[in-house]
**Q** 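This is the structure I want to talk about, given as structure tokens.
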Protein chains: 2
Amino acid sequence: MAPNMVLNNYISVDCVVFGFNFEKLNVLVVERTLSDGSGEIEFSDLTLTGNHIYEDETIVEAADRILFDLTGLADIYLEQFKTFASPDRLKKENDRKWLLHDGRDPDKRIVSVGFFALLATQKVTIEWKGRNVKWMPVDEVGKLAFDHNLILEEALKALRSKLLHEPIGFELLPEKFTLSQLQKVYEIILDTTFDKRNFRKKVARMKYLIPLDEKQKGVAHKPARMYLFSREVYELTRKEILNFIV
Amino acid sequence: MAPNMVLNNYISVDCVVFGFNFEKLNVLVVERTLSDGSGEIEFSDLTLTGNHIYEDETIVEAADRILFDLTGLADIYLEQFKTFASPDRLKKENDRKWLLHDGRDPDKRIVSVGFFALLATQKVTIEWKGRNVKWMPVDEVGKLAFDHNLILEEALKALRSKLLHEPIGFELLPEKFTLSQLQKVYEIILDTTFDKRNFRKKVARMKYLIPLDEKQKGVAHKPARMYLFSREVYELTRKEILNFIV
DNA sequence: CACCTTAGTGTATTTTTTACACTTTACTTG
DNA sequence: CAAGTAAAGTGTAAAAAATACACTAAGGTG
């Protein structure tokens with residue numbers, strides 16, 4: 001056995017939970033606070049949400065469990081995007097103080113399998129199970145603990161790439177949504193704008209976006225038509241689009 | 001600490017090395033043989049090529065090292081595509097007999113970070129370092145050890161998806177290549193055919209495919225013009241193509 | 001030098017992309 | 001209840017890209 005082989009590793013799953021609120025792309029963060037016993041808060045920081053994989057679980061099961069613990073939701077779009085492990089993942093700056101409290105040995109490596117989840121922010125009841133969880137716009141997230149800024153950055157790259165190549169925008173919206181809402185998803189995440197008429201022409205060709213006989217309610221202007229994504233139609237009509245064949 | 005938290009894990013990197021020989025897509029496999037001491041071979045099977053991550057390495061460094069050990073090559077296209085870990089990854093069928101010889105505890109989980117590499121088969125001098133390594137056409141690979149058939153399947157999916165959306169086909173060819181060779185890469189991997197004239201019209205638009213004043217040699221027919229991929233031009237002119245904006 | 005094999009090329013049609021501005025609808029406010 | 005306001009919804013012309021399709025050119029081989 002090689003002398004410098006790594007035998008003891010913590011395997012964890014980190015979930016980058018993206019939520020759209022019709023305005024901005026948000027991410028779920030957990031605030032950790034550490035008291036010194038007198039009731040004073042000694043440290044406080046923000047992390048993405050992760051946990052270890054249990055012995056009898058697959059990676060996907062762990063990711064589903066973590067997402068459920070965090071949001072109370074199942075059947076959420078969830079995708080493995082990248083795995084992270086640097087020898088110094090746990091040795092940075094002021095992270096050590098946490099590790100002692102977590103009972104984790106800071107000299108061991110944590111390998112983290114990154115997932116991203118997509119949902120409409122409104123689906124999550126914050127304070128689920130009393131966890132100190134909150135939505136933050138991704139462009140306002142400051143320093144996160146560990147290497148979680150890196151993980152968030154990579155999750156964003158993966159999300160953008162996926163959004164460009166597969167129809168997943170509606171995963172960030174309620175089940176029924178308007179075309180303007182959908183357009184906004186693309187505009188915000190890809191940091192661009194689209195012409196409304198051209199966007200709608202494109203939608204018209206995507207047969208899996210089904211217009212409903214139902215209108216938006218409670219808005220102070222002409223109410224928009226609601227749409228639905230049909231997975232059945234999508235699976236039937238999907239064909240790979242070869243853009244970059246060279 | 002949760003009682004069923006997994007603390008001891010082996011983290012390994014598995015490389016699916018794809019090679020194109022102008023005919024078929026191949027994959028590098030390693031033959032393992034186990035003798036009973038009398039010189040007779042007791043077991044023999046095929047695996048993809050993996051190894052553990054050392055303490056002072058990042059994941060990418062480990063992947064580069066594994067690829068170099070296997071092929072003697074550096075600077076090869078290499079991409080992390082998926083991470084695998086099932087509780088029963090090591091407990092299948094007749095795999096246990098191997099584990100005892102490897103000094104690995106079969107009750108521990110191996111988490112495997114999957115990479116795929118792309119190169120022209122001719123670049124690899126087989127029998128590098130005397131390892132029992134060989135190219136096999138991917139459509140002729142039979143049963144592999146562990147869950148390596150699954151890993152190969154997923155690598156193929158990732159390769160196809162990447163090929164559809166980014167210009168990487170030439171990574172499977174020598175530095176200088178002809179357009180017919182490039183077309184063949186796409187046809188074989190995507191299991192389709194393209195019209196030659198339309199394919200070339202598309203190439204003409206991809207400014208990063210540079211025609212050379214150099215012709216194919218040693219062929220019994222009209223020699224083709226050689227082309228080169230220019231990363232510089234690609235980076236300058238690249239723009240995301242929004243296919244699936246909905 | 002005839003033949004074999006692959007390289008290389010053009011055009012017409014359809015589809016998709018792009019650029020661009022006004023009318024409609026429902027609610028709100030005075 | 002009329003006017004205002006805010007976003008919804010719609011068409012067209014021009015350019016670019018995709019598709020379908022068949023012959024000539026070049027070099028090596030026997």
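The model shown is predicted, which means the values in this text are computed figures rather than measured ones. Residue numbers begin at 1 in each chain, while the letters A, B, ... track the order of the sequences.
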**Q** Should the pair A/Tyr208 and A/Tyr234 be assigned to parallel (<30°), tilted (30 to 60°) or perpendicular (>60°) ring geometry?
**A**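 Perpendicular.
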**Q** For the side chain of B/Arg205, counting heavy atoms from C-beta on, which of D/dA18, D/dA26, D/dT10 is nearest?
**A**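 So the nucleotide nearest the side chain must be D/dA18.
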**Q** Using 30° and 60° as the class boundaries, would you call the ring planes of A/Phe146 and A/His148 parallel, tilted or perpendicular?
**A**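 Geometry flag for A/His148 against A/Phe146: tilted rings.
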**Q** Compare the minimum distances between each of D/dT29, C/dA12, D/dA17 and the side chain of B/Lys201, then state the nucleotide with the smallest one.
**A**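 Nearest listed nucleotide: C/dA12.
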**Q** Quick one: is C/dT9 close enough that its OP1 or OP2 comes under 4.0 Å of any side-chain N or O from B/Arg200?
**A**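 B/Arg200 to C/dT9 OP1/OP2: no side-chain N or O under 4.0 Å.
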**Q** With sugar-phosphate meaning primed atoms plus P, OP1 and OP2, does A/Lys202 contact a base, only sugar-phosphate, or nothing at under 4.0 Å between heavy atoms?
**A**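 Sugar-phosphate, no base atom in range.
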**Q** Can you tell me the distance, in whole Å, between the CZ atom of B/Arg225 and the C1' atom of D/dA25?
**A**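 It is 14 Å, rounded to the nearest whole Å.
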**Q** Rounded off to whole Å, could you give me the CZ-to-P distance for the A/Phe199 and C/dA19 pair?
**A**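 Those two atoms, CZ and P, are 16 Å apart.
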**Q** Looking at C/dA21, D/dA8, D/dA26, which one has an atom nearest to any side-chain atom of A/Arg197?
**A**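 That would be C/dA21.
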**Q** B/Lys196 has an atom NZ; how far is it from atom C1' of C/dT5, in whole Å?
**A**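 Those two atoms, NZ and C1', are 10 Å apart.
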**Q** Answer yes or no: does a side-chain N or O of A/Ser180 lie under 4.0 Å from OP1 or OP2 of D/dA8?
**A**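 Answer yes for this pair, as a side-chain N or O of A/Ser180 is under 4.0 Å from OP1 or OP2.
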**Q** Check the distance between D/dA3's C1' and A/His221's NE2 and give it to me in whole angstrom.
**A**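 A/His221 atom NE2 is separated from D/dA3 atom C1' by 19 Å.
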**Q** Give the rounded distance in Å between these two atoms: CD of A/Gln181 and C1' of D/dA6.
**A**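 For the pair A/Gln181 CD and D/dA6 C1', the rounded distance is 15 Å.
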**Q** Using 4.0 Å as the upper bound for N to carboxylate O, is an ion pair formed by B/Lys157 and B/Glu154?
**A**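 Looking at B/Glu154 and B/Lys157, the cut-off is met.
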**Q** As a test of reading the structure: which of C/dC20, C/dT5, C/dT24 is closest to the side chain of A/Lys222, going by heavy atoms?
**A**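 From the listed options, C/dT24 comes nearest.
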**Q** Roughly, in whole Å, what's the span from CG in A/Asp195 to C1' in D/dA15?
**A**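 Atom-to-atom, A/Asp195 to D/dA15, this comes out as 16 Å.
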**Q** Please report the distance, rounded to the nearest Å, between CG in B/Asn198 and C1' in D/dA22.
**A**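 So the two atoms are 13 Å apart, to the nearest Å.
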**Q** Could you check whether the side chain of A/Lys215 and the base of C/dA26 have a donor-acceptor pair of N or O atoms closer than 3.5 Å, going by distance alone?
**A**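 When only heavy-atom distances are counted, A/Lys215 does not reach the base of C/dA26 through any donor-acceptor pair under 3.5 Å.
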**Q** Whole angstrom is fine here: how far is it from NZ in A/Lys217 over to P in C/dA26?
**A**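 Atom NZ in A/Lys217 sits about 13 Å away from atom P in C/dA26.
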